Amino acid sequence: MDIKRQRLLTYSTISLFIIFVLFWIKGSIFYSSFNIDEIILFFTSRGFFPGEAPSDPMIINPLGTMFLVNRAGGSLDPGMFTYLLRIWSFGSTQTWWLRSLPMLFFLLTLFLFFFSLKKQSNNTIISLLLSTLLFTNTLLLDYAFTIRPYSMEYCGLAFIFYLLLSNRETKREDFGENFLKGLVLAFFVGSRYLFWIPLSLYFFFEIFIFKKVPIKFILTQSIAPLIAGLTYIGISYRFQLNLLPMLYAQASFLKNLELLQIKIHFFTHKLWFIIIPPIYLYLFKREEYHLNQPIWAISLFSFCLTIVYIFLDLFGISPIHFRERYSLGFQVFTIFPFSLILLDLITHYLKEDAKRFIFTMLCTFLFFGEKSFNYEFKQNSDLVPIMRWLEQYGKKDEIVYCESITYAMVLFLRNYNSYSIDWNQMPEFRKFKSNKAKTEEYKIANYFFVVSGTDYLYSIDDTLRNDPKLSKAEGYYFHKLYKNSYKEINP
């Protein structure tokens with residue numbers, strides 16, 4: 001193929017890929033509502049518990065207060081993403097703008113993944129197509145646009161993948177370059193506490209297993225992450241340990257799953273990302289075993305990471321559940337060795353049989369592309385449908401009582417997001433005075449708008465859902481709107 005045709009093919013592939021990404025994000029970044037965790041983190045970033053959220057978007061508490069709120073349960077994470085969200089929200093409090101922060105981390109993850117594969121294959125088209133592997137995990141995609149630190153963790157893991165590959169090269173590095181890499185790792189230490197698992201494993205492997213990079217360079221990389229980790233332990237983690245174990249995560253641990261549940265939740269394509277690399281290496285690459293080879297180094301690293309996460313689950317620290325968010329970082333990393341296996345397979349076909357190569361690439365793209373185009377952004381919140389219901393059926397002289405988190409979400413839609421509802425025709429929203437419904441509030445309320453679900457967090461829902469004179473007017477997942485029949489009986 002001549003140079004002009006090669007360039008045309010490359011530019012066409014890049015253009016189609018960009019169009020594909022833009023098409024994919026349109027239903028996600030413009031999703032106007034937040035779920036419970038997002039609204040908690042948003043107000044945490046401004047230094048408020050949800051029940052203390054101010055009506056004026058311009059009011060914001062000092063930075064120190066933000067960290068105090070964060071370590072008290074605003075987010076069970078170190079706090080760097082919360083701080084970034086604080087700075088980011090100065091630009092706008094519209095949901096599309098706030099969602100663009102985790103989106104940027106995901107796009108950077110995609111770039112690092114592509115760039116790492118490009119260095120291995122020296123082929124732009126193959127690298128772009130293999131980058132679509134990230135689009136096969138719909139849970140990963142959901143949290144790529146969710147106002148939580150998961151996409152920041154993805155990005156940090158992609159950087160570790162890049163480091164593991166670049167360390168296999170023979171070029172000599174200086175202290176400044178390695179210290180700079182350490183600063184980048186220290187930045188991602190602030191994403192989620194579980195980022196320490198692959199990060200510690202990275203330093204352990206490079207020092208004791210791979211031994212490719214001089215130990216002084218690896219130690220130089222470790223200085224900044226170590227200081228960052230100790231800092232986060234001092235300002236947040238030692239306080240958040242008191243909130244563990246997380247009761248809402250208990251149902252996801254392996255020991256609490258029945259055999260049928262394990263089959264349903266684990267026998268997916270995500271499991272093949274773990275199983276296929278060692279099988280492929282044993283069948284086809286045994287004679288080429290060497291830890292300086294990227295395909296062997298990354299696969300061994302991923303295998304050991306899998307073992308660690310299994311033990312984290314068995315000891316009740318973090319579930320490895322494939323359909324829950326708790327192990328998302330692990331799920332992301334398993335894609336990396338699988339991509340190298342596919343890269344090796346495709347490269348072999350390209351050398352041996354061009355037609356077979358084209359067929360393989362076409363099947364790969366169709367399979368992963370079909371999954372991506374079928375993706376629909378899902379939020380575990382039906383706040384907006386309930387608000388639309390009230391807009392249609394409610395009256396402006398009626399009163400809706402809300403518990404603190406729901407009230408904060410309504411406040412966000414009205415004052416921070418300026419959501420397109422005729423607020424002048426909406427009922428009046430008031431916050432419950434306590435965690436239990438008061439007698440006087442029963443007398444004057446027309447509706448009760450609450451979060452349902454985890455009882456120990458949302459005890460007010462018990463009072464309402466067990467009352468035979470209250471009927472559910474609207475709601476599906478977390479939010480419930482109860483209609484008050486007491487007023488009809490005793491007007």
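Everything numeric in this text was worked out from a predicted model, so none of it was measured. For reference, positions follow the sequence shown, starting with 1.
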Checklist line | Criterion side chain to side chain donor-acceptor pair (under 3.5 Å) on Trp88 and Ser45, from CA distance to verdict | finding: CA-CA 10 Å; Trp88 197 257; Ser45 73; over 6 Å; no
Check: Taking it one step at a time, do Tyr326 and His321 satisfy ring-ring contact (aromatic ring centres under 6.0 Å, His included)?
Finding: CA-CA 7 Å; Tyr326 312 112; His321 202 300; 8.2 Å; no
Check: After noting the C-alpha distance and the side-chain angles of Glu52 and Lys431, does the key distance pass the salt bridge (charged side-chain N to carboxylate O under 4.0 Å, His left out) rule?
Finding: CA-CA 11 Å; Glu52 304 169 351; Lys431 186 170 59 174; over 6 Å; no
Check: Given Phe159 and Leu185, is the side-chain contact (heavy atoms from CB on, under 4.5 Å) satisfied, shown in steps?
Finding: CA-CA 8 Å; Phe159 186 66; Leu185 290 172; 3.7 Å; yes
Next item on the list: Assess whether side-chain contact (heavy atoms from CB on, under 4.5 Å) is satisfied between Met152 and Phe188, documenting all intermediate values.
Entry: CA-CA 7 Å; Met152 185 178 177; Phe188 289 114; 4.1 Å; yes
Next item on the list: Start with the C-alpha distance between Ser236 and Gln240, add both sets of side-chain angles, then the distance that settles side chain to side chain donor-acceptor pair (under 3.5 Å), and finish with yes or no.
Entry: CA-CA 6 Å; Ser236 57; Gln240 293 178 354; 4.9 Å; no
Next item on the list: Go through the steps to decide whether Thr93 and Asn417 satisfy the test side-chain contact (heavy atoms from CB on, under 4.5 Å), and finish with yes or no.
Entry: CA-CA 6 Å; Thr93 55; Asn417 191 42; over 6 Å; no
Next item on the list: Would you check, one step at a time, whether the test side-chain contact (heavy atoms from CB on, under 4.5 Å) holds for Val69 with Arg46?
Entry: CA-CA 9 Å; Val69 174; Arg46 301 172 79 83; over 6 Å; no
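With a 4.5 Å cut-off on side-chain heavy atoms, Leu129 and Ile125 count as touching. Tyr407 places none of its side-chain heavy atoms less than 4.5 Å from the side chain of Phe432. The shortest distance between side-chain heavy atoms of Leu413 and Val384 falls below 4.5 Å. Using a 4.5 Å cut-off on side-chain heavy atoms (C-beta onward), Lys181 and Leu163 make contact. Looking only at side-chain heavy atoms (C-beta outward), Gln331 and Leu140 stay at 4.5 Å or farther from each other. Considering only heavy atoms from C-beta on, Ile197 comes within 4.5 Å of Leu305 through its side chain. Within the 4.5 Å cutoff, the side chain of Leu110 has heavy atoms near those of the Phe135 side chain. Proximity of Leu165 to Leu117: side-chain heavy atoms (C-beta onward) are nowhere separated by under 4.5 Å.
A perpendicular orientation is assigned to the rings of Phe106 and Tyr154, their planes being inclined by more than 60° (bins at 30° and 60°). A tilted orientation is assigned to the rings of Tyr237 and Tyr193, their planes being inclined by 30° to 60°.
In this structure, Leu85 CG and Thr44 OG1 are separated by 9.5 Å, a value rounded to the nearest 0.5 Å. Of the inter-residue distances, the one linking Cys402 atom SG with Met409 atom CE reads 11.0 Å to the nearest 0.5 angstrom. From Ile421, atom CD1 reaches atom CE of Met387 across 5.0 Å, with rounding to the nearest 0.5 Å. Note that the CG atom of Asn137 and the CG atom of Asp142 stand 9.5 Å from one another [nearest 0.5 Å]. Taking CD1 of Ile310 as the start and CD1 of Ile307 as the end, the distance is 4.5 Å to the nearest 0.5 Å. Atom CG of Asp56 is separated from atom CD1 of Ile59 by 4.5 Å, given to the nearest 0.5 angstrom.
Using a cut-off of 4.0 Å between Lys/Arg side-chain N and Asp/Glu carboxylate O, Asp77 and Arg71 are scored as not salt-bridged.
Residue pairs satisfying the side chain to side chain donor-acceptor pair (under 3.5 Å) criterion with at least one member in residues 221-234, sequence neighbours excluded, are listed as follows: Asn178-Gln221, Tyr202-Gln221. Note on residues 390-402: pairs passing side chain to side chain donor-acceptor pair (under 3.5 Å), not counting sequence neighbours, are Arg388-Glu391.
Aromatic ring centres of Phe42 and Phe412: separated by under 6.0 Å. Taking the six-membered ring for Trp, Tyr309 and Phe330 have ring centres closer than 6.0 Å. Tyr416 has its ring centre less than 6.0 Å from the ring centre of Phe43. Proximity of the aromatic rings of Phe301 and Phe333 is defined here by a centroid distance below 6.0 angstrom, and this criterion is met.
With 3.5 Å as the limit, one finds a donor-acceptor pair spanning the side chains of Thr82 and Asn70. Between Arg325 and Tyr150, the side chains place a donor N or O and an acceptor N or O closer than 3.5 Å (distance only, hydrogens not considered).
Within a 6.0 Å sphere centred on CZ of Phe203, other residues, nucleotides and ligands contribute more than 12 heavy atoms. Annotation: Phe315, atom CZ; neighbour count of heavy atoms from other residues, nucleotides and ligands within 6.0 Å does not exceed 12.
Among Trp272, Phe273, Phe161, the single residue meeting the ring-ring contact (aromatic ring centres under 6.0 Å, His included) criterion with Phe338 is Phe273.
Closest approach of Arg86 to Gly47, counting heavy atoms only: NH1-N, 4.3 Å. Nearest heavy-atom pair, Ser327 versus Pro319, reported as atom, atom and distance to 0.1 Å: CB-O, 3.5 Å. Contact detail for Arg99 and Thr146: the closest heavy-atom pair is NH1-CA, 4.0 Å. Between Pro78 and Ser191, the shortest heavy-atom distance links the atoms CD-O, 3.6 Å. Between Gly394 and Pro427, the shortest heavy-atom contact is CA-CG, 4.2 Å. Scanning all heavy atoms of the two residues, the minimum distance from Leu139 to Glu324 falls at CD2-O, 3.1 Å.
A donor-acceptor pair is defined here as one N or O able to donate and one able to accept, closer than 3.5 Å; no such pair exists between the side chain of Glu428 and the backbone of Val400. Without hydrogens or angle criteria, Asp313 side chain to Phe253 main chain gives no donor-acceptor distance under 3.5 Å. No donor-acceptor pair under 3.5 Å is formed between the side chain of Trp196 and the backbone N or O of Arg192. Remark: side-chain polar atoms of Ser131 are paired, donor with acceptor, to backbone N or O of Ser127 under 3.5 angstrom. Although no hydrogens or angles enter the test, the distance criterion places a donor-acceptor pair under 3.5 Å between the side chain of Asn484 and the main chain of Ala445.
Contacts of Pro102 classified as side-chain contact (heavy atoms from CB on, under 4.5 Å), with partners at least two apart in sequence or in another chain: Phe81, Ile147, Ser151.
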